[in-house]
> 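Pasting in a structure now, in structure tokens, and then I'll have a few things to ask.
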Amino acid sequence: MINVLFAARPERWTTYEAPLRTALKAAGIDANLATEMPAQDVDYIVYAPNSDLQDFTPYTRAKAVLNLWAGVEKITGNETLDIPLARMVDPGLTTGMVEWVTGHVMRYHLGMDAHIVNPDHHWDAKTPPLAREREVVILGLGALGTACAHALLGLGFRVTGWSRSAKNVEGVTCLHGDEGLAQALAAAQIAVTLLPDTPATKNIINADTLAQMPKGAFLINPGRGPLIDDDALIAALDAGQIAHATLDVFRIEPLPQEHPFWAHPHVTVTPHIAADTRAVTASEVVVENIRRGEAGEPFINLVDRELGY
Ligand code: NDP
Ligand code: OXD
């Protein structure tokens, strides 16, 4: 019998308890799963970074921390954590992100706003371009960026992706490094930022990089708030360099009422809902890592603490 501590906000326990028990049973793992147990007895910690658990020192026997979130910026710097940390790569979350990104890309691509908000009943019969005439650039070609790239390719878009290391994704123009970023930005009629928040990606969308995008480009950010220099984006929106931005994530969440993004006519704010972890599929991923730990196999989705993702 192993001991699995569930250390996320109490309301998440209601959502996760049954799916985790089902997944443990399906994997044939005999586990004591609970929200409280003596720290020295814990074998695995199912975790969310907004948990009360911030000091891992007493968990002397634990083999891994299994994060329920894809983003790990709130835990990578935790110096009390010296065991493997796995992030969430959940097929349910990925599907949610693909749907959210595709929906917002289509809004911009088809110019839907012109017909949805049309108080003067203006008959503007301009034909929108086809997807094959539109370049979408995804900054971040990881689990989520690559899935979005595939979906957008399937709709016919020209897709460019940018990552830290070189990649080869069929049908996608894959770029990397500083030179690759300049090339990607120059093509970005619609840019989607699906990068993690790390020291290397903070403010990657700044006055300089915004100026490298085509005039009138659209920006969609479901990645993390600190990727964007907020003041630079507002200046670029005011100047028409960026036509419109859809932002799901922010430096401070909930986005403070006084933040200029709320009232800006060319910004759509969504409340960090692009893609939630889905309990059933995520529980299977968590339990697969427990199975691996018990079988002496390598964990999946491990975080590189040096790189911060
Ligand atoms: P991955 O770790 O799978 O992918 C990250 C991608 O970013 C990789 O392609 C990586 O490059 C690239 N990258 C990282 N650092 C750099 C850099 N310095 N320069 C260039 N490229 C870089 O993450 P996911 O795709 O699973 O998730 C991405 C982010 O989405 C999460 O970190 C999280 O912040 C956010 N998210 C938001 C949600 C929401 O609801 N709004 C929900 C879930 C996630 P390489 O491939 O070379 O390693
Ligand atoms: C995550 C998120 O990181 O919801 O999973 O943003």
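Both counts, for ligands and for their atoms, begin at 1 and track the order of listing.
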> Which residue and non-hydrogen atom of the protein lie closest to atom 12 (C) of ligand 1, and at what distance in Å?
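That would be Leu195 CD2, 3.7 Å.
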> Decide whether the shortest distance between a heavy atom of Met97 and an atom of ligand 1 is less than 4.0 Å.
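Yes, Met97 has a heavy atom closer than 4.0 Å to ligand 1.
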> Taking all atoms of both residues into account, what is the closest heavy-atom pair of Arg12 and Thr277, and its distance?
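For Arg12 and Thr277, the tightest heavy-atom pair comes out as NH2-O, 4.4 Å.
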> Using a 4.0 Å cut-off to any heavy atom of Gly140, which atoms of ligand 1 qualify?
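Listed by number with element: 6 (C), 7 (O), 9 (O).
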> I need the contact type for Leu93 against ligand 1. Using non-hydrogen atoms and a strict under-4.0 Å cut-off, is it side chain, backbone, both or neither?
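The answer is the side chain.
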> Would you sort out whether Asp90 and Arg278 count as a salt bridge (Lys or Arg N to Asp or Glu O under 4.0 Å), showing the intermediate values?
CA-CA 7 Å; Asp90 160 28; Arg278 307 295 156 142; 5.8 Å; no
> Indicate, as side chain, backbone, both or neither, the part of Glu73 found under 4.0 angstrom from ligand 1 when only non-hydrogen atoms are considered.
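Answer for Glu73: neither.
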> Working note: Ser165 + His176, criterion side-chain contact (heavy atoms from CB on, under 4.5 Å); need CA distance, chi angles, decisive distance, verdict.
CA-CA 6 Å; Ser165 56; His176 67 283; 6.0 Å; no
> Which atoms of ligand 1 are found less than 4.0 Å from any heavy atom of Thr201?
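Those of ligand 1 that fall under 4.0 Å from Thr201 are 15 (N), 16 (C), 17 (C), 18 (N).
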> Give the residue, atom name and distance (to 0.1 Å) of the protein heavy atom nearest atom 28 (C) of ligand 1.
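Its nearest protein heavy-atom neighbour is Leu194 O, 3.5 Å.
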> Please list, in number order, the atoms of ligand 1 under 4.0 Å from a heavy atom of Pro196.
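Once the distances to Pro196 are compared, the set is 5 (C), 7 (O), 14 (C), 32 (O).
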> What closest approach, in Å, do Phe56 and Thr80 show between heavy atoms, and which atom pair accounts for it?
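For Phe56 and Thr80, the tightest heavy-atom pair comes out as N-OG1, 2.9 Å.
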> Using non-hydrogen atoms of the residue, decide whether Leu141 is closer than 4.0 angstrom to ligand 1.
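Contact check Leu141 vs ligand 1: positive.
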> Among all the protein's non-hydrogen atoms, which is closest to atom 35 (C) of ligand 1, and how far away is it?
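Here the closest protein heavy atom is Gly223 O, 3.4 Å.
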> Could you find the nearest protein heavy atom to atom 48 (O) of ligand 1 and give me its residue, atom name and distance?
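I find the closest protein heavy atom is Tyr309 OH, 2.5 Å.
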> Identify the two heavy atoms, one from Pro128 and one from His109, that lie closest to each other, and give their separation to 0.1 Å.
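Taking every non-hydrogen atom into account, CB-O, 4.3 Å.
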> Heavy atoms only, cut-off 4.0 Å: how does Met97 contact ligand 2, side chain, backbone, both, or neither?
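The answer is neither; Met97 stays 4.0 Å or more away.
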> Does ligand 2 come near enough to Leu93 that some N or O of the ligand is less than 3.5 Å from an N or O of the residue?
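So ligand 2 has no N or O lying under 3.5 Å from an N or O of Leu93.
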> In the protein, which heavy atom is nearest to atom 11 (O) of ligand 1, and how far is it?
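For this ligand atom, the closest protein heavy atom is Arg164 N, 3.2 Å.
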> Does one side chain, of Tyr309 or Thr76, offer a donor that lies under 3.5 Å from an acceptor on the other?
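Side chains of Tyr309 and Thr76: no pair found under 3.5 Å.
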> Atoms of ligand 1 less than 4.0 Å from Ala70 heavy atoms?
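Ligand 1 atoms under the 4.0 Å threshold to Ala70: 43 (C), 44 (C).
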> Would you mind running through ligand 1 and noting each atom that sits below 4.0 Å from a heavy atom of Val249?
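In order of numbering, the contacting atoms are 41 (N).
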> Considering only protein heavy atoms, which is closest to atom 34 (O) of ligand 1, and at what distance to one decimal place?
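Scanning the protein heavy atoms, the shortest distance from atom 34 (O) of ligand 1 goes to Arg224 CG, 3.1 Å.
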> Considering Ala200, Pro222, Gly308 one by one, which has a heavy atom nearer to atom 18 (N) of ligand 1 than any of the others?
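Heavy atom nearest to atom 18 (N) of ligand 1 belongs to Ala200.
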> Quick one: closest heavy-atom pair of Ala207 and Ala232, and the distance?
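Nearest pair, atom of Ala207 first, then Ala232: N-CB, 3.5 Å.
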> Under 4.0 angstrom from ligand 1, any heavy atom of Trp100?
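The answer is no, since Trp100 has no heavy atom less than 4.0 Å from ligand 1.
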> Should you measure from each heavy atom of Asp248, which atoms of ligand 1 turn up under 4.0 Å away?
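Listed by number with element: 39 (C), 40 (O), 41 (N).
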> Between Phe250 and His259 (judged by ring centroids, cut-off 6.0 Å), do the two rings come close enough to count as a pair?
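So the answer is no for these two rings.
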> Strictly by modelled atom types, are Asn3 and Asn32 linked by a side-chain donor-acceptor pair under 3.5 Å?
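There is such a pair (donor and acceptor under 3.5 Å, judged by atom type) between the side chains of Asn3 and Asn32.
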> Judged by modelled atom types alone, do Glu135 and Thr160 share a side-chain donor-acceptor pair under 3.5 Å?
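Looking only at side-chain atoms, Thr160 and Glu135 do form a donor-acceptor pair, the distance falling under 3.5 Å.
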> For ligand 2, which atoms have a heavy atom of Ala275 less than 4.0 angstrom away?
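Those atoms are 4 (O).
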> Compute whether any side-chain donor of one residue and acceptor of the other, for Asp124 and His115, lie under 3.5 angstrom apart.
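Side-chain D/A pair, Asp124 to His115: absent.
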> When you compare ligand 1 with Lys167, is there at least one nitrogen or oxygen pair between them that comes in under 3.5 angstrom?
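Between Lys167 and ligand 1 (N or O atoms, distance only) the closest approach is under 3.5 Å.
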> Output the list of atoms in ligand 1 that are nearer than 4.0 Å to some heavy atom of His272, sorted by atom number.
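Once the distances to His272 are compared, the set is 39 (C), 40 (O), 41 (N).
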> Run the numbers on Leu93 and Leu144 for side-chain contact (heavy atoms from CB on, under 4.5 Å), then give the verdict.
CA-CA 9 Å; Leu93 182 153; Leu144 299 178; 3.6 Å; yes
> Hey, are His264 and Asp238 close enough side-chain-wise for a donor-acceptor pair under 3.5 Å?
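Asp238 vs His264: donor-acceptor pair found between side chains.
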> Measure from atom 6 (C) of ligand 1 to every heavy atom in Ala275, Gly142, Gly96 and give the option owning the shortest one.
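Among Ala275, Gly142, Gly96, the closest heavy atom to atom 6 (C) of ligand 1 comes from Gly142.
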> Please determine whether any non-hydrogen atom of Arg87 lies less than 4.0 Å from an atom of ligand 1.
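Arg87 counts as a contact of ligand 1 under the 4.0 Å cut-off.
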> Is the closest heavy atom of Met88 to ligand 1 under 4.0 Å?
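Distance cut 4.0 Å: Met88 fails for ligand 1.
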> Would you mind listing the cluster partners of Met88? Hydrophobic ones only (ILVMFWY), side-chain contacts under 4.5 Å, chaining allowed.
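Other cluster members: Ile2, Val4, Phe6, Trp13, Tyr16, Leu20, Leu24, Ile29, Leu33, Tyr44, Val46, Leu66, Leu68, Trp69, Val285, Val286, Val287, Ile290, Phe299, Leu302.
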> Provide, to 0.1 Å, the distance between atom 1 (C) of ligand 2 and the closest protein heavy atom, together with that atom's residue and name.
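Heavy-atom neighbour on the protein nearest atom 1 (C) of ligand 2: Ala70 N, 3.4 Å.
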> Examine ligand 1 and decide if any of its atoms is less than 4.0 Å from a heavy atom belonging to Thr198.
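No heavy atom of Thr198 comes that close to ligand 1.
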> When you look for heavy atoms under 4.0 Å from ligand 1, do you find them on the side chain of Leu144, its backbone, both, or neither?
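Contact part for Leu144 vs ligand 1: both backbone and side chain.
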> What's the shortest heavy-atom distance between Ala31 and Met1, and which atoms?
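Closest approach of Ala31 to Met1, heavy atoms only: C-SD, 3.5 Å.
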> Is the count of non-hydrogen atoms from other residues, nucleotides or ligands lying under 6.0 Å from Lys25 atom NZ greater than 12?
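Counting other residues, nucleotides and ligands, NZ of Lys25 stays at 12 neighbours or fewer.
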> Any chance NZ of Lys202 has more than 12 other-residue heavy atoms, nucleotides or ligands included, within less than 6.0 Å?
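Atom NZ in Lys202 is packed in, count exceeds 12.
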> Does ligand 2 have any atom that is closer than 4.0 Å to a heavy atom of His272?
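For ligand 2, residue contact (heavy atoms, under 4.0 Å) with His272 is present.
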> Would you call Asp197 a ligand 1 contact, heavy-atom distance under 4.0 Å?
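Distance cut 4.0 Å: Asp197 fails for ligand 1.
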> Find all atoms of ligand 1 within a distance of less than 4.0 Å from any non-hydrogen atom belonging to Trp162, and give their numbers and elements.
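With Trp162 as reference, the close atoms of ligand 1 come out as 19 (N), 20 (C), 21 (N).
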> Taking all heavy atoms of Trp162 and all of Ala184, pick out the closest pair and write down the distance.
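Of all heavy-atom pairs spanning Trp162 and Ala184, the closest is CB-CB, 4.3 Å.
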